[in-house]
Amino acid sequence: MNPLAGFRSLLPLLALAACGGPAAESAGGDAAAATVRPGIDVLLADSSHLIDGRRVGLITNRSGVGRDGTSAIDLLHGYAGAELTALFAPEHGIRGTEAEGSAIDDATDEGTGLPIYSLYGETRAPTPEMLASVDVLAFDIQDIGSRYYTYVSTMALAMEAAGREGIPMIVLDRPNPIGGLTQGPVLDPAFATFVGLYPVPVRHGLTAGELARLYRGAFGVEVALHVVPAAGWSADRWFDDTDLPWIAPSLNMPSLESASHYPGTCLFEGTNLSVGRGTPTAFQVLGAPWLDGEAWVAEIGAVAGAAGVAEAAGALRLPGVEIRAVAFTPESPSDGRFGGEEISGIRLTVTDRSAYDPVQTAVAALLAARRLSGDAWEWRVRHFDRLAGSDRLRLAIDRGAPLDEITSEWAADVAAFEALRRPYLLYPR
């Protein structure tokens, strides 16, 4: 079976769809969407000298498409000036449909006859053997703006591998779907893993191309790097402020609304609660059988220091988000949590993008859920700490530290990071 056929057949439909969803409804989105050309289109129209006469390897998945929805694989394979010789698959596979954590196997693309090398299995970086037929290595995947999302770790490891082999690396850039804001704790290098290799905040406010420049310039990754920017985008725009189609880069990233909350709600993956995997609202909902959603909302209000529930989810302490009680049923969730069981919990909806801090909101929800769960609460200690970037957040939640005490510790590190990233920015802010 052709590993690419499934998602290629969907591309014409996906290209016609707006990203929509609650994020577009609740937080707006510019009615006059900007015309944005992703890096793959800019490369072929304006910067083809970077690949002309060369053999090209491509790291991509279903989200790597041109403006018209054509796969970057097909665009490069059809480009007469260069030869596409190898494909590389990150976590979730080259179609973006494999479950979280599932090892990806090598395969062959029947459409092009090209080898597809797995970068999410026994090896997570291209080997010299994989790069033997490659003169230049390209990366084209839609990131979602959070340190946890492993595609940028794949990019970083590929940069290192390309550098060792003396092969240039091209990053075909795309917008950061949730804009340029910077929020959350900065990773302690002692806790560096595949879900966070370098000391950046949870919400870094950069594109994949800007991250690549930062990795090379500030963190010492040695490679001849070329970033092809996305034309027409600025960092004050969200994805639905563009005219690009939303194509889910992984199974549980179905919409821009999910991406909006992911920098915060992904922290719950380090607990025994559900983040809505197996529902259409993954990372927008949180819950567990032993929790009562209404009580949880009220407790979040108490944690946030608000006088009442409405204020807690409104402008007083957790601005930019509506929090309400819901029940939901995860169907065949990839994390195996509460499959087929209706559970009680909460749903988050962005109401003001400029004011919303998903990490702060998630910490308030963690503190409240920890209080309400009693003996039912479980940490996935190693995973939580690597997501948070240290053990400090988990220990603070366990001791019931005030929300302000926890989040105020991040400010100096975030300010230092914003200064560090400044020379590597590509887009107006």
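It should be emphasised that the depicted structure is a prediction, and the values quoted were computed from it without experimental measurement. The analysis underlying the following values was restricted to heavy atoms, covering all of them including side chains, and did not include hydrogens, waters or symmetry mates.
In this structure the side chain of I40 never reaches within 4.5 angstrom of the side chain of V228, judged on heavy atoms. L211 has its side chain out of reach of R213: every pair of non-hydrogen atoms, C-beta onward, lies at least 4.5 Å apart. Put simply, the side chain of L119 does not reach to within 4.5 Å of the side chain of L157, judged on heavy atoms. Between R203 and P201, every side-chain heavy-atom pair lies at or beyond the 4.5 Å cut-off. Within the 4.5 Å cutoff, the side chain of Y117 has no heavy atoms near those of the I94 side chain. The side-chain heavy atoms of L244 and P175, taken from C-beta on, include a pair separated by under 4.5 Å. Looking at heavy atoms from C-beta onward, Y120 lies out of side-chain contact with T154 at the 4.5 angstrom threshold. L84 has its side chain within reach of L114: a pair of non-hydrogen atoms, C-beta onward, lies under 4.5 Å apart.
The residues R429 and D236 are annotated as not salt-bridged, no charged nitrogen and carboxylate oxygen being separated by less than 4.0 angstrom. Ion pairing of R392 with E409 is present here, as a side-chain N (NZ or NE/NH1/NH2) and a carboxylate O approach within less than 4.0 Å. Taking a cutoff of 4.0 Å between a charged side-chain nitrogen and a carboxylate oxygen, R277 and E269 qualify as a salt bridge. Salt bridge R124/E160: absent, no basic N to carboxylate O contact under 4.0 Å.
Taking the six-membered ring for Trp and the full ring otherwise, Y149 and Y262 have centroids separated by under 6.0 Å. Between Y356 and H261, the gap from one ring centroid to the other is short of 6.0 Å. A centroid separation of 6.0 Å or more is found between the aromatic rings of F139 and Y151.
Rounded to the nearest 0.5 Å, atoms CG (L76) and OG (S71) are 8.5 Å apart. The distance from the OG1 atom of T351 to the CG atom of L348 is 11.0 Å, given to the nearest 0.5 Å. With values rounded to the nearest 0.5 angstrom, S118 atom OG is found 7.0 Å from M130 atom CE. Annotation: the span from S274 atom OG to L286 atom CG amounts to 7.5 Å, rounded to 0.5 Å. Taken from CD1 in I300 to CG in L367, the straight-line distance is 10.0 Å, to the nearest 0.5 Å. The NE2 atom of H204 sits 10.0 Å away from the CG atom of L214 when rounded to the nearest 0.5 Å.
A donor-acceptor pair under 3.5 Å is formed between the side chain of D241 and the backbone N or O of W238. Judged by distance alone, with hydrogens and angles left aside, the side-chain atoms of R237 form no donor-acceptor pair with the main-chain N or O of T242 at under 3.5 Å. Judged purely by atom type and a 3.5 angstrom limit, R380 has no side-chain atom pairing as donor or acceptor with the backbone of F384. The backbone N or O of F191 lies less than 3.5 Å from no partner atom in the side chain of D188, so there is not a single donor-acceptor pair. Distance alone, capped at 3.5 Å, places no donor-acceptor pair between the D413 side chain and the V186 backbone. Using a distance-only test at 3.5 Å, with no hydrogens or angles considered, no donor-acceptor pair links the side chain of T70 to the main chain of G66. The closest donor-acceptor contact from the side chain of N272 to the backbone of E378 lies under 3.5 Å. Not one N or O on the side chain of W296 forms a donor-acceptor pair closer than 3.5 Å with the backbone of I346.
Minimum heavy-atom separation, L137 to A162: CD2-CB, 4.3 Å. In terms of heavy atoms, V36 sits closest to G232 at CG2-O, 3.7 Å. In terms of heavy-atom proximity, A362 sits nearest to T265 at CB-N, 4.0 Å. Here the closest heavy-atom approach between residue G209 and residue L426 is recorded as C-CD1, 4.4 Å. Shown here for I104 and G93, the closest heavy-atom pair between the two residues is CD1-N, 3.5 Å. Shortest non-hydrogen contact noted between S63 and N61 is OG-OD1, 2.6 Å.
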Exercise. Could you go through the side-chain contact (heavy atoms from CB on, under 4.5 Å) check for L131 and T127 one step at a time?
Key: CA-CA 6 Å; L131 294 173; T127 65; over 6 Å; no
Exercise. Tell me, with the steps shown, if D135 and R54 meet salt bridge (charged side-chain N to carboxylate O under 4.0 Å, His left out).
Key: CA-CA 6 Å; D135 298 321; R54 298 184 179 185; over 6 Å; no
Exercise. Give the C-alpha distance, both sets of side-chain angles, the deciding distance and a yes or no for side-chain contact (heavy atoms from CB on, under 4.5 Å) between D352 and V321.
Key: CA-CA 7 Å; D352 183 347; V321 63; over 6 Å; no
Quiz item: What do the steps show when you test Q284 against S258 for side chain to side chain donor-acceptor pair (under 3.5 Å), and what is the final call?
Solution: CA-CA 5 Å; Q284 303 172 43; S258 290; 2.9 Å; yes
Practice problem: Quick one: do H383 and V381 satisfy side-chain contact (heavy atoms from CB on, under 4.5 Å)? Show the steps, please. | Solution: CA-CA 6 Å; H383 190 43; V381 173; over 6 Å; no
Quiz item: Which is it for D385 and R394 under the salt bridge (charged side-chain N to carboxylate O under 4.0 Å, His left out) test, yes or no, and what are the steps along the way?
Solution: CA-CA 7 Å; D385 290 354; R394 175 176 54 83; 2.8 Å; yes
Practice problem: Run the numbers on W379 and D398 for side chain to side chain donor-acceptor pair (under 3.5 Å), then give the verdict. | Solution: CA-CA 10 Å; W379 291 109; D398 266 346; 2.9 Å; yes
Quiz item: Stepwise, does the side-chain contact (heavy atoms from CB on, under 4.5 Å) test hold for T35 with R67?
Solution: CA-CA 9 Å; T35 296; R67 275 184 50 80; 3.9 Å; yes
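In the model, E91 has a side-chain atom that pairs as donor or acceptor with a side-chain atom of T150 under 3.5 Å. Defined by atom type and a distance below 3.5 Å, a donor-acceptor pair is missing between the side-chain atoms of T407 and Q360. No side-chain donor-acceptor contact under 3.5 Å links R174 and Q142. Defined by atom type and a distance below 3.5 Å, a donor-acceptor pair is present between the side-chain atoms of D52 and Y79. One side chain, R421 or T182, offers a donor N or O that lies under 3.5 Å from an acceptor on the other.
Using cut-offs of 30° and 60° for the angle between ring planes, the W233 and Y427 rings count as perpendicular. Relative ring orientation between Y198 and Y215 is described as tilted, the plane-to-plane angle lying within the 30° to 60° band.
Remark: R382 CZ is loosely packed, at most 12 non-hydrogen atoms of other residues, nucleotides or ligands lying under 6.0 Å away.
Residue T207 is tested with N176, D173, D143 for a side-chain hydrogen bond (donor to acceptor under 3.5 Å, both in side chains); the sole match is D173.
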